[in-house]
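Indexing begins at 1, ligand by ligand and atom by atom, following the structure's order. Worth knowing before you read on, the calculation uses all heavy atoms, side chains too, and leaves out hydrogens, waters and symmetry mates.
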Amino acid sequence: MIVKERRKPDQMLALEALQRRANLRRDEIEKDLLLARAGFRGEEALNYHLQQIPPHSHILHDIRFAVDELFVQLDTLLLADNFITIIEVKNFTGTLTFDEERHQMIRTLDGKEEAFLDPLLQVRRQKNYLRKWLNAHQYTELPIETLIVISKPSTIIHTSNPSVIHSAYLPFKINELESKYAQRVLGQNELLRMGEELKQAHVPRKIDLLQKYKIKKEELRVGVHCSSCSTLPMLRGYGKWKCTYCGYVSADAHIESLRDYRLLVEESITNRELRWFLQIDSERIARSIIQSLNPVGKTKGRRYRLDFL
Ligand SMILES: [Zn+2]
């Protein structure tokens, strides 16, 4: 049962928005977007293997919550009445060597060696945080297992640690753990509550790509972009937006552009900022666009919420 679905991460959506709207650092943005997309594809590929695990598991994807004011992010979490599994997905290519003495992971690709933060340490930290969170919320103590899942079948893994596996092995690994933890510890109600409470505890990561790439908001390309071909700006006439490049016509293309604003600039907007970003002259049209957003939430100083887009 899926409690929390995997959606396109905001960071990837923001990179897509920036690719449309940045005049500067385009190569860097393009490269980071390709990496983000590959990572997301790797996580999505896991879904197929997760279909084969016992149905009593409650699955939460991409979950980030605070423990003692520090955040922990988990790619996938499996909750069951006998044990919990933390899954960390890694999308590396080449050959991976896990050096457990020095706590590093070495990747060899095209004859070049590179060291990365040890995923085994990462999942250990995740496990500690999750344990703390569960204790703080007074859940019955359950065993927590951690797995590092390598998503690319062509990646060669060097380690004797049984918790590092290729994704195709995941269902078999879960079956092994099922036999190890044959005893059911948690009641169904407590299990359901745990999944719901973790889902509610999720706090999306705040991203500030403009700061990361040192781009000022005034340097962004503004206007409504075409949902079909991404060209901007679309022109407005008779209450509709029209793409001058591909001819696509839409009454609500501005919504996607306001999402770009949320992802890149701020989670709320004023009438004036909206007119600038969407390149609308009329205050009245800007107001009607704001009113058509659902729900219209006003914050202080006549700012309108965009966080639901
Ligand atoms: Zn177009």
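- Here ring pair (Phe, Tyr, Trp, His ring centres under 6.0 Å) pairs that include residues 49-68, with residues two or more places apart or in two chains, are Phe65-Trp133.
- Checking each of Met105, Lys152, Glu114 against Phe92 for a side chain to side chain contact (heavy atoms under 4.5 Å, CB included) leaves exactly one that passes, namely Met105.
- Under 4.0 Å is where a charged nitrogen must lie from a carboxylate oxygen, and between Glu219 and Arg25 no such pair does.
- Among Lys90, Lys8, Arg6, the single residue meeting the salt bridge (Lys or Arg N to Asp or Glu O under 4.0 Å) criterion with Glu43 is Arg6.
- Heavy-atom neighbours of Arg184 CZ from other residues, nucleotides or ligands within 6.0 Å: above the threshold of 12.
- The number of protein N, O or S atoms lying under 2.8 Å from the Zn ion (ligand 1) is 4.
- Looking at Arg262, Arg205, Lys206, Arg259 one by one, the single match for side-chain hydrogen bond (donor to acceptor under 3.5 Å, both in side chains) with Asp10 turns out to be Arg262.
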